[in-house]
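Quick caveat: nothing in here was measured; it's all calculated off a predicted structure. We count residues from 1, following the sequence as given.
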Amino acid sequence: MRSPMLLGALCLIVAEALFAGVGALVKYLSDSLSQSQLVFFRNLFALVFLMPWLFRVGLSGLKTEQFGLHLLRSTSGLVGMYCFFYVLAHLPLAQAMMALLVAPFIVPIIAFFWLKERISQKSLMAIGLGFIGCAFVLRPESGGWNIYVLLALCCACFVAFTKCTIRKMSGSEPSGRIVFYFTGLATGVSLFPLLYNWQPMPDAAWPWLLLMGLMAAIGQLLMTKAFQLASPVRIGLLTYSSVLFAAFLGYWFWQEPVSAGLLAGTLLIIWAANLTIRQRWLW
């Protein structure tokens with residue numbers, strides 16, 4: 001009989017490969033579609049995939065006393081998505097994916113001031129190491145810290161704030177309701193930029209948009225299953241495998257170089273993540 005931890009690890013690795021594939025599709029489609037089109041159809045297709053959940057729980061499953069927090073979570077998540085999709089169009093794929101994974105090091109800072117959660121000394125050290133690793137990864141080989149790098153860091157801040165908002169709601173709101181409210185509100189709000197900035201869409205883009213929605217949905221399901229099978233403490237670091245998949249896809253499709261800074265920064269961030277999760281300097 002296979003180990004649950006092994007199955008969980010395999011599920012998470014496949015999920016991260018799918019998330020890297022979604023990032024690659026966004027980067028590819030950015031040449032022919034606007035950011036408003038990419039964001040809207042990403043949310044719309046995700047909403048379609050959530051319809052079976054709504055049919056199962058009914059309208060009563062949407063009743064909430066935390067609508068303000070849902071609105072706050074949706075706003076931060078949607079702004080972060082716009083930033084991330086824009087960054088994907090202008091930064092190498094692996095750098096953009098790593099920017100998203102810097103968010104866990106920002107979460108404790110926001111949680112300290114907003115949720116009044118204590119930060120241990122080892123966590124503070126991990127945050128510092130994480131930001132140093134981020135500097136290695138995000139600093140382009142030439143051109144310094146340009147606007148796209150700064151937007152990538154802003155994106156990580158929005159993602160971190162979103163995670164803290166979810167944590168604040170987690171005591172009373174089930175995960176399905178949180179995801180549905182975000183997807184529904186994000187689809188409705190992103191419709192207005194879509195209509196304002198509408199441009200003709202090539203027919204060839206539709207299959208890729210559908211594939212992007214399918215990959216995102218399967219990735220979310222596999223990630224959820226992974227953490228049901230095994231503790232995030234044991235397999236959580238496998239989340240960073242998405243950077244390796246993104247580096248491969250970026251090199252294969254766009255000939256993006258795998259720099260020494262990317263490798264060094266990735267190793268440093270993985271070490272910092274291990275320190276954050278296990279509160280140990282080494283394994």
**Message:** What's the separation between atom NE2 in His70 and atom CZ in Arg177, rounded to the nearest 0.5 Å?
**Reply:** 6.5 Å
**Message:** I'd like to know whether the aromatic ring centres of Tyr28 and Trp254 sit less than 6.0 Å apart in this structure.
**Reply:** no
**Prompt:** Roughly how far, to the nearest 0.5 Å, is the CZ atom of Phe41 from the OG atom of Ser190?
**Reply:** 9.5 Å
**Message:** For Phe49, is the CZ atom crowded, meaning more than 12 foreign heavy atoms sit under 6.0 Å from it?
**Reply:** yes
**Request:** Could you list the residues that satisfy side-chain hydrogen bond (donor to acceptor under 3.5 Å, both in side chains) with Thr162, not counting sequence neighbours?
**Result:** Ser76
**Item:** Salt bridge Glu256-Lys27, side-chain N to carboxylate O under 4.0 Å
**Value:** yes
**Message:** Within this structure, what is the OH-CG distance for the pair Tyr86 and Leu91, rounded to the nearest 0.5 Å?
**Reply:** 10.5 Å
**Request:** Start with the C-alpha gap between Val26 and Arg42, add the side-chain angles, then the distance that decides, and say whether side chain to side chain contact (heavy atoms under 4.5 Å, CB included) holds.
**Result:** CA-CA 9 Å; Val26 170; Arg42 159 66 178 84; over 6 Å; no
**Request:** Taking all non-hydrogen atoms of both residues into account, name the closest pair between Leu54 and Phe180 and its distance.
**Result:** CD2-CZ, 3.7 Å
**Asked** Using 30° and 60° as the class limits, which term best fits the ring planes of His90 and Tyr148: parallel, tilted or perpendicular?
**Response** parallel
**Request:** Working to the nearest 0.5 Å, report the span between CG of Leu191 and OH of Tyr196.
**Result:** 15.0 Å
**Asked** Within the side chain of Thr187, is there an N or O that forms a donor-acceptor pair under 3.5 Å with the backbone of Asn43?
**Response** yes
**Request:** Taking Tyr181 for its side chain and Leu69 for its backbone only, find out whether a donor-acceptor pair lies under 3.5 Å.
**Result:** no
**Prompt:** Is a donor on one side and an acceptor on the other found under 3.5 Å between the side chain of Glu16 and the backbone of Ile13?
**Reply:** no
**Heavy-atom closest contact (Ala186 atom, Leu78 atom, distance)** = CB-CD1, 3.9 Å
**Message:** Does atom CG (Leu59) have a neighbourhood of more than 12 heavy atoms from anything else shown, all under 6.0 Å?
**Reply:** no
**Request:** Taking side-chain hydrogen bond (donor to acceptor under 3.5 Å, both in side chains) as the test, write out the residues that go with Ser32, two or more places apart.
**Result:** none
**Message:** Which heavy atom of Phe245 sits nearest to which heavy atom of Ala20, and what is that distance?
**Reply:** CB-CB, 3.7 Å
**Request:** Taking all heavy atoms of Tyr82 and all of Gln35, pick out the closest pair and write down the distance.
**Result:** CE2-O, 4.3 Å
**Asked** Within a reach of under 6.0 Å around CD of Gln199, are more than 12 heavy atoms found that belong to other residues, nucleotides or ligands?
**Response** yes
**Prompt:** Which atoms form the tightest heavy-atom contact between Met215 and Leu25, and what is the distance?
**Reply:** SD-CD1, 3.8 Å
**Request:** Report the distance from atom CZ of Phe40 to atom CZ of Phe45, rounding to the nearest 0.5 Å.
**Result:** 8.5 Å
